[in-house]
Amino acid sequence: MTTANPYYARIWDTVLQIPAGKVASYGQIADLAGLPGRARLVGKALGYAPKELAVPWHRVLRSDRSLAFPAGSDTAQRQRELLQDEGVLLTNNRVPKDDLWQPDLAELLFKLKY
DNA sequence: TAATTGACCCTTT
DNA sequence: CAAAGGGCCAATT
């Protein structure tokens, strides 16, 4: 472990709040985690995310609802498989708007214990 | 310390 | 709807 930053923990916690069958964008996660404008950091945090936390990184994608990886790459294919396994069907590398995560802010704040 | 990089986002064409 | 340009901020070199 090179550097442990407090930002990452909050990002991981927020991602863990995404229910199965729903997806959220990096910017949305950053915003909910209290880090507006730091969407890129979310991606980095997911890359640093330890396996033990079982962070559902596959439920996080770009704001245009497309995968953040080049189509055809191993990571992209695994993400697509994981999403389909949860009931999120990708059409042309994109998920339906109906599957976007719409969190209840009050409940989310309670779970994250701000 | 300065420059480069990146699992991104928004607005305009 | 897809592509292009500009911006943002932390981590890395």
Side-chain angles (χ1 to χ4, degrees):
Chain A
M1 193 66 83
T2 55
T3 54
N5 292 46
Y7 294 141
Y8 292 158
R10 192 173 296 171
I11 293 173
W12 294 331
D13 278 343
T14 307
V15 176
L16 283 168
Q17 304 306 318
I18 307 176
K22 293 290 181 180
V23 296
S25 70
Y26 290 91
Q28 189 177 4
I29 294 301
D31 196 22
L32 292 174
L35 304 167
R38 287 143 198 81
R40 311 194 78 152
L41 197 57
V42 174
K44 209 142 211 172
L46 290 179
Y48 275 73
K51 236 179 171 182
E52 293 74 36
L53 288 182
V55 175
W57 59 270
H58 53 277
R59 296 179 196 154
V60 184
L61 34 92
R62 291 190 167 176
S63 60
D64 61 352
R65 298 180 290 281
S66 64
L67 301 189
F69 309 94
S73 66
D74 297 343
T75 316
Q77 278 201 339
R78 176 151 53 239
Q79 182 176 19
R80 193 176 70 180
E81 188 176 354
L82 287 168
L83 286 174
Q84 287 186 354
D85 193 44
E86 292 185 350
V88 180
L89 195 55
L90 287 101
T91 58
N92 204 10
N93 252 343
R94 285 192 186 173
V95 304
K97 293 197 302 183
D98 298 336
D99 286 339
L100 286 176
W101 182 39
Q102 297 169 351
D104 185 316
L105 290 182
E107 186 177 354
L108 184 65
L109 292 175
F110 176 75
K111 285 183 179 176
L112 293 179
K113 295 180 178 174
Y114 273 93

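Quick note: numbers below take in every heavy atom, side chains included, and nothing from hydrogens, waters or symmetry partners. As the structure is a prediction and not an experimental result, all values here were calculated from the model. Here is how names work: the chains are called A, B, and so on, in the same order as the sequence lines, proteins then strands, and each is numbered from 1.
Listed by residue number, the members of residues 70-88 of chain A with any heavy atom below 4.0 angstrom from DNA chain B form an empty set.
Listed by chain and residue number, A/Y26 satisfy the side chain to side chain contact (heavy atoms under 4.5 Å, CB included) test with A/A39 (two or more places apart in sequence, or in another chain). Applying the side chain to side chain contact (heavy atoms under 4.5 Å, CB included) test to A/L89 and every residue at least two apart in sequence or in another chain returns A/Q84. For A/E52, the side chain to side chain donor-acceptor pair (under 3.5 Å) criterion is met by no residue, not counting sequence neighbours. The side chain to side chain donor-acceptor pair (under 3.5 Å) search around A/Q28 returns none, not counting sequence neighbours. Contacts of A/A20 classified as side chain to side chain contact (heavy atoms under 4.5 Å, CB included), with partners at least two apart in sequence or in another chain: A/R59, A/E86.
For the pair A/K44 NZ and B/dT4 C1', the interatomic distance rounds to 11 Å; values are reported in whole Å. Protein atom CG of A/L41 is 19 Å distant from nucleotide atom P of B/dT5, rounded to whole Å. Between A/I11 atom CD1 and C/dC9 atom P there is a gap of 15 Å when expressed in whole angstrom units. If you take CZ of A/R10 and C1' of C/dA10, they are 16 Å apart, rounded to a whole angstrom.
Listed by chain and number, the hydrophobic cluster partners of A/L83 are A/V23, A/L61, A/L67, A/V88, A/L90, A/V95, A/L100, where partners are ILVMFWY side chains within reach of under 4.5 Å, directly or through others.
Within the structure, the side chain to side chain donor-acceptor pair (under 3.5 Å) test picks out the following pairs touching residues 93-108 of chain A (sequence neighbours left out): A/E107-A/K111. Listed by first then second residue, pairs satisfying side chain to side chain donor-acceptor pair (under 3.5 Å) with a partner in residues 69-78 of chain A number zero, not counting sequence neighbours.
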- Just by protein heavy atoms under 4.0 Å, how would nucleotides 8-13 of chain B read 5' to 3' in B, S and -? BSS---
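In this structure, CG in A/D13 is found 11.0 Å from CD1 in A/I29, a value given to the nearest 0.5 Å. To the nearest 0.5 Å, the span separating CG on A/L41 from OH on A/Y7 amounts to 8.0 Å.
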Would you tabulate the pairs of protein nitrogen or oxygen atoms and nucleotide nitrogen or oxygen atoms of nucleotides 1-4 of chain C closer than 3.5 angstrom?
unit_1: C/dA2; atom_1: OP2; unit_2: A/R94; atom_2: NH1; d: 2.7
unit_1: C/dA2; atom_1: OP2; unit_2: A/R94; atom_2: NH2; d: 2.7

